[in-house]
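Working notes, beginning with the structure itself.
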Amino acid sequence: DTAVSQTPKYLVTQMGNDKSIKCEQNLGHDTMYWYKQDSKKFLKIMFSYNNKELIINETVPNRFSPKSPDKAHLNLHINSLELGDSAVYFCASSSGGASETQYFGPGTRLLVL
Amino acid sequence: QKEVEQDPGPLSVPEGAIVSLNCTYSNSAFQYFMWYRQYSRKGPELLMYTYSSGNKEDGRFTAQVDKSSKYISLFIRDSQPSDSATYLCAMMKGGGNKLTFGTGTQLKVEL
C-alpha cells in the first residue's frame, strides 16, 4: 500500500490554464505539506496543514491555493499557470507533533508550455 | 546566501568506497537534522534523523552533527551501485514543522 499518493504523476498544460493536484495519505497523520522541487533539485516548502488548518504558508503566489477536505487529503489548485510553475510538486505528511519525520509522495511533474 | 549549503556534485566513486556527504548551515536555531535519499523520478525517503550534536549509525550509514561548527555529514561505508541517488540534507527548528533542505548532492557509485 502506498503511504502518500499523488495524482496525477505527470501534468502537461498550457500557460493560463487552471489545474489541480491531489494528495492522499493513509498513515493516519495529522499534518500534510506541499513542496516544490525546481530543475536544480532544490526542494522548498510551500504550505502545511494540520488537521485541515493552514499552519505554514510560505511566500507563494496567490494563484496557488491548497485545500484540505479532511486530514487525509491535501489538494493543490493552481490558477493561471505560468512557465515558471514548471517543477515537481511533492506532497508529504507527518504525525503532527513538532519535529516529526515527514514522509513524501512520489511527486507530480508539472510542465507548463 | 541560502540557510543550508550543500555541494551539488556530481560525486562519482568506485564500488566499495567510503562516501562523505556534507552540509553547512547558518541558522543556529536548527536542532533536528535529517538525510533524505532521492532516486531519479521518485520522492525523497528518510535515511537518517538526528537530534542536536553527535553521531548516529544505521548499517552502512553514519550521520554526524557538529552544532558548534554548523556542519553535518553523512558517511556511507562499502558503497554500492544501488546507493546512486541524490542525497538531500534537511533541518528543522525545535518545536517546528518546517523542513529546510540543502540543494542535494548527486552521487554515482560505479562498478
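Predicted, not measured: the structure shown is a model, and the values here were computed from it. Here is the naming used below: chain letters follow the sequence lines, and residue numbers restart at 1 for every chain.
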Determine, using the 4.5 Å side-chain heavy-atom cutoff (strictly less than), whether [X] and [Y] are members of one ILVMFWY cluster.
X: A/V88; Y: A/V12; answer: no
X: A/L43; Y: B/Y25; answer: no
X: B/Y32; Y: B/F61; answer: no
X: B/V19; Y: B/Y87; answer: yes
X: B/M92; Y: B/V65; answer: no

So, for [X] and [Y], which heavy atoms are closest and what is the spacing to 0.1 Å?
X: B/P44; Y: A/F104; result: O-CB, 3.4 Å
X: B/Y36; Y: A/Q102; result: OH-O, 2.8 Å
X: B/R41; Y: A/Y10; result: NH1-CE2, 3.8 Å
X: B/L88; Y: A/K41; result: CD2-O, 4.1 Å

Where on [X] is there a heavy atom nearer than 4.5 Å to chain A: the side chain, the backbone, both, or neither?
X: B/Q38; value: side chain
X: B/K42; value: backbone
X: B/T103; value: both
X: B/L99; value: both

Validation row: A/F42, B/K2 side chains within 4.5 angstrom (heavy atoms): yes

Whether over 12 other heavy atoms sit under 6.0 Å from B/E110 CD: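 More than 12 heavy atoms, drawn from other residues, nucleotides or ligands, come within 6.0 Å of this atom.
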
Within 6.0 angstrom of A/K22 NZ, more than 12 heavy atoms from elsewhere: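 12 or below, so no.
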
Part of A/Q6 within contact of chain B (heavy atom distance under 4.5 Å): neither

